[in-house]
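Report on the following structure.
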2 protein chains.
Amino acid sequence: MSKTTFTNLSSEKQERFIQAALTEFAANDFQSASITAIVKELGIAKGSVYQYFDDKLDLWLYLKKHCEQVKLSYIKSIKRSEYSDFWKFYRAMYANGINFDLENPLCSQFLYRVGFKEMSPQVMPHLNTWKKQANAMFCQLIEAEKKAGTFNKKNSTDVMAHFMVTMSMSIAELLQKKYKVDFEKNIKKGKPLFGGNSKELMKAVDELIGLLEKALK
Amino acid sequence: MSKTTFTNLSSEKQERFIQAALTEFAANDFQSASITAIVKELGIAKGSVYQYFDDKLDLWLYLKKHCEQVKLSYIKSIKRSEYSDFWKFYRAMYANGINFDLENPLCSQFLYRVGFKEMSPQVMPHLNTWKKQANAMFCQLIEAEKKAGTFNKKNSTDVMAHFMVTMSMSIAELLQKKYKVDFEKNIKKGKPLFGGNSKELMKAVDELIGLLEKALK
DNA sequence: CCAAAATGTGACCAACTGGTCATTATATTT
DNA sequence: AAATATAATGACCAGTTGGTCACATTTTGG
């Protein structure tokens with residue numbers, strides 16, 4: 001997971017490298033992402049990449065861990081115990097997730113790829129870790145809510161968890177459809193992923209959460 | 001869309017070719033799918049492919065249309081008017097969809113890729129056509145149900161449609177999670193996608209539809 | 001039976017890929 | 001200032017790709 005040569009680099013250089021690599025890996029899947037394209041963009045020699053990382057997979061894993069940590073920093077601050085109602089808690093978590101998207105479009109796009117689109121055989125063994133974690137977390141939450149009586153006990157926990165995880169992550173697509181947000185364009189122009197219309201956006205989110213609520217409680 | 005040279009081929013040869021191409025394009029995204037691999041598998045010359053199709057994209061588009069037609073043949077037989085209850089109708093449609101999966105694992109896997117995982121820039125303009133159609137169809141259905149009073153009028157049609165389409169298509173993932181069905185393995189072994197446990201499967205489907213029903217009515 | 005049309009072929013091409021490594025340049029320490 | 005350790009380089013490699021085209025083979029119909 002990244003050689004000392006990379007960690008020894010000045011943090012500016014590291015950041016520049018990460019940005020360039022992320023841009024490439026956010027726009028292409030593992031197989032198609034090109035190391036050559038990254039070094040060309042950075043104006044460095046290809047050999048340098050292999051002074052920093054063992055190989056392409058090593059770089060990918062580093063980027064993945066990096067982005068996951070950034071995302072985690074947005075989410076872990078929200079605690080269930082600080083909210084009276086589960087759905088208020090859920091909504092707060094969601095809002096933070098959107099903040100993450102707005103402030104880290106590249107990370108967001110890359111993780112979207114990793115979580116939803118990636119199927120390259122080389123990385124298959126390293127997928128699902130995040131989704132599995134999210135799923136496990138939701139299962140735990142749901143069990144607790146069942147005990148508290150706010151969730152329907154008749155439905156199996158894993159189906160409910162699947163329901164929530166899927167809908168949570170599908171919001172992006174809804175927004176693309178409903179508001180014709182063009183993520184790719186926004187990324188290329190350096191704009192925030194949602195182009196700025198967060199209010200409209202939260203309305204759609206609210207409606208979707210409302211549906212979830214009706215389904216599960 | 002495919003040259004006369006291909007349509008002139010005996011239907012056995014056509015079928016063999018389609019199977020081989022589909023196998024490759026079901027297992028790899030557009031960029032990574034290899035024409036060389038297809039001709040090697042078939043034992044024909046690479047030049048032949050370009051006697052049949054203009055280029056890689058032309059072949060892909062042909063496969064897409066082919067699979068969509070096969071899928072459509074399973075779905076179009078189900079008519080809303082023949083069911084008293086929307087959810088019975090929906091369930092019947094879903095059962096037919098699963099039949100399609102069982103009987104055409106390669107088509108199914110390929111369409112799954114096209115609809116969910118594909119992001120190769122070359123094919124981007126040709127994506128979403130199916131999803132858009134599905135979405136439009138659901139919007140129409142929902143509007144009708146709203147008028148009949150069986151769907152909640154307070155929720156916007158497009159959010160509801162998104163809800164249904166997303167959940168419908170996510171079933172595959174749920175089954176992978178819940179029953180640890182390994183699609184890739186089943187495909188390689190020539191088994192049906194779900195390995196045969198259709199009963200267990202329909203139970204999960206029923207539960208999910210139950211959740212949808214609660215959310216929307 | 002032969003000519004003409006339709007199919008099939010595979011060596012070949014340019015463009016790319018991830019990865020290597022001997023060499024050079026730059027810091028750091030003695 | 002010399003010696004050593006660290007970092008950067010880019011020509012080069014073997015392997016891949018989609019696509020071409022002059023040629024060989026087969027099928028067709030007069």
Side-chain angles (χ1 to χ4, degrees), chain A residues 1-18 20-25 27-64 118-124 126, chain B residues 1-18 20-25 27-64 118-124 126:
Chain A
M1 204 99 189
S2 97
K3 300 182 182 177
T4 56
T5 322
F6 184 66
T7 46
N8 285 347
L9 247 47
S10 70
S11 54
E12 290 83 26
K13 275 192 177 179
Q14 283 189 40
E15 195 50 43
R16 218 172 90 81
F17 185 92
I18 291 175
L22 220 43
T23 305
E24 181 65 14
F25 277 97
N28 305 90
D29 69 301
F30 181 82
Q31 292 220 27
S32 304
S34 159
I35 305 284
T36 311
I38 298 172
V39 300
K40 195 183 273 180
E41 172 65 30
L42 284 169
I44 65 172
K46 194 190 273 186
S48 294
V49 174
Y50 294 90
Q51 302 259 32
Y52 303 156
F53 300 92
D54 290 336
D55 50 26
K56 200 182 180 184
L57 179 61
D58 191 37
L59 168 57
W60 185 84
L61 285 169
Y62 176 82
L63 292 175
K64 178 166 169 277
E118 194 60 75
M119 285 186 97
S120 302
Q122 296 103 312
V123 300
M124 284 292 274
H126 306 95
Chain B
M1 206 96 189
S2 98
K3 301 183 181 176
T4 56
T5 321
F6 183 67
T7 47
N8 286 348
L9 248 46
S10 70
S11 54
E12 291 83 25
K13 274 193 178 180
Q14 282 188 41
E15 196 49 45
R16 218 172 90 80
F17 185 91
I18 290 175
L22 220 42
T23 306
E24 181 66 14
F25 277 97
N28 305 91
D29 68 300
F30 181 81
Q31 292 221 24
S32 304
S34 159
I35 305 284
T36 311
I38 297 173
V39 300
K40 195 182 274 179
E41 172 66 28
L42 284 169
I44 64 172
K46 195 189 274 185
S48 295
V49 174
Y50 294 90
Q51 302 257 34
Y52 303 155
F53 300 93
D54 290 336
D55 51 25
K56 199 183 180 183
L57 179 61
D58 191 37
L59 168 56
W60 185 85
L61 285 169
Y62 175 82
L63 292 175
K64 178 165 169 278
E118 194 60 76
M119 286 185 95
S120 302
Q122 295 104 314
V123 300
M124 285 292 275
H126 306 95

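Chain naming here is simple, since letters A, B, ... match the order of the sequence lines and numbering starts at 1 in each.
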Could you check how far [atom1] of [X] sits from [atom2] of [N], rounded to whole Å?
{"X": "A:Gln122", "N": "C:dG18", "atom1": "CD", "atom2": "P", "answer": "10 Å"}
{"X": "B:Asn28", "N": "D:dT16", "atom1": "CG", "atom2": "P", "answer": "14 Å"}
{"X": "B:Gln31", "N": "D:dT16", "atom1": "CD", "atom2": "P", "answer": "18 Å"}
{"X": "A:Phe30", "N": "C:dT17", "atom1": "CZ", "atom2": "P", "answer": "14 Å"}
{"X": "B:Phe17", "N": "C:dT7", "atom1": "CZ", "atom2": "P", "answer": "15 Å"}
{"X": "B:Asp58", "N": "D:dT20", "atom1": "CG", "atom2": "C1'", "answer": "16 Å"}
{"X": "B:Phe25", "N": "D:dT17", "atom1": "CZ", "atom2": "P", "answer": "12 Å"}
{"X": "B:Ile35", "N": "D:dG18", "atom1": "CD1", "atom2": "C1'", "answer": "7 Å"}

Practice problem: Kindly say if B:Asn8 contacts the phosphate of C:dT7, meaning a side-chain N or O under 4.0 Å from OP1 or OP2. | Solution: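 B:Asn8 to C:dT7 OP1/OP2: side-chain N or O found under 4.0 Å.
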
Quiz item: Reckon A:Thr36 has a side-chain N or O less than 4.0 Å from the OP1 or OP2 of C:dC16?
Solution: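 It does not, given that no N or O in the side chain of A:Thr36 lies less than 4.0 Å from OP1 or OP2 of C:dC16.
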
Heavy atoms only, 4.0 Å cut-off, all strands: where does [X] land among base, sugar-phosphate and nothing?
{"X": "A:Ala33", "value": "sugar-phosphate"}
{"X": "B:Lys13", "value": "sugar-phosphate"}
{"X": "B:Ser34", "value": "sugar-phosphate"}
{"X": "A:Tyr52", "value": "sugar-phosphate"}
{"X": "B:Ser48", "value": "base"}

Quiz prompt | Partner residues of A:Tyr52 under the ring-ring contact (aromatic ring centres under 6.0 Å, His included) criterion, sequence neighbours left out | solution = A:Phe6, A:Phe17

Quiz item: Side chains of B:His126 and B:Leu57: closer than 4.5 Å at any heavy-atom pair?
Solution: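 A side-chain contact under 4.5 Å exists here.
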
Exercise. Not counting sequence neighbours, which residues clear side chain to side chain donor-acceptor pair (under 3.5 Å) with A:Asp29? List them please.
Key: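 Expected list: A:Ser32, A:Ser120.
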
[X] side-chain proximity, nearest of [options]:
{"X": "B:Thr5", "options": "C:dT17, C:dG8, D:dA8", "value": "C:dG8"}
{"X": "A:Asp55", "options": "C:dG18, D:dT9, C:dG19", "value": "C:dG19"}
{"X": "B:Tyr50", "options": "C:dT7, D:dT20, C:dG18", "value": "D:dT20"}

Quiz prompt | Approximate separation, where rounding is to 0.5 Å, of B:Phe30 CZ and B:Met124 CE | solution =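 The distance works out to 13.5 Å.
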
Quiz prompt | From CD1 (B:Ile44) to CD (B:Gln51), nearest 0.5 Å | solution =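 The distance works out to 10.0 Å.
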
Practice problem: Establish whether the base of D:dA8 is bridged to the side chain of A:Gln51 by a donor-acceptor pair shorter than 3.5 Å. | Solution: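 Result: at least one qualifying N/O pair found.
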
Quiz item: For the side chain of A:Lys46 and the base of C:dG18, is some donor closer than 3.5 Å to an acceptor across the two?
Solution: yes

Quiz item: Parallel under 30°, tilted from 30 to 60°, perpendicular over 60°: which one fits the rings of B:Tyr62 and B:Phe53?
Solution: tilted

Practice problem: With DNA chain C as reference, determine whether A:Asp54 or A:Ala37 sits nearer its 5' end, using the nearest nucleotide of each. | Solution: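 Between the two, 5'-proximity favours A:Ala37.
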
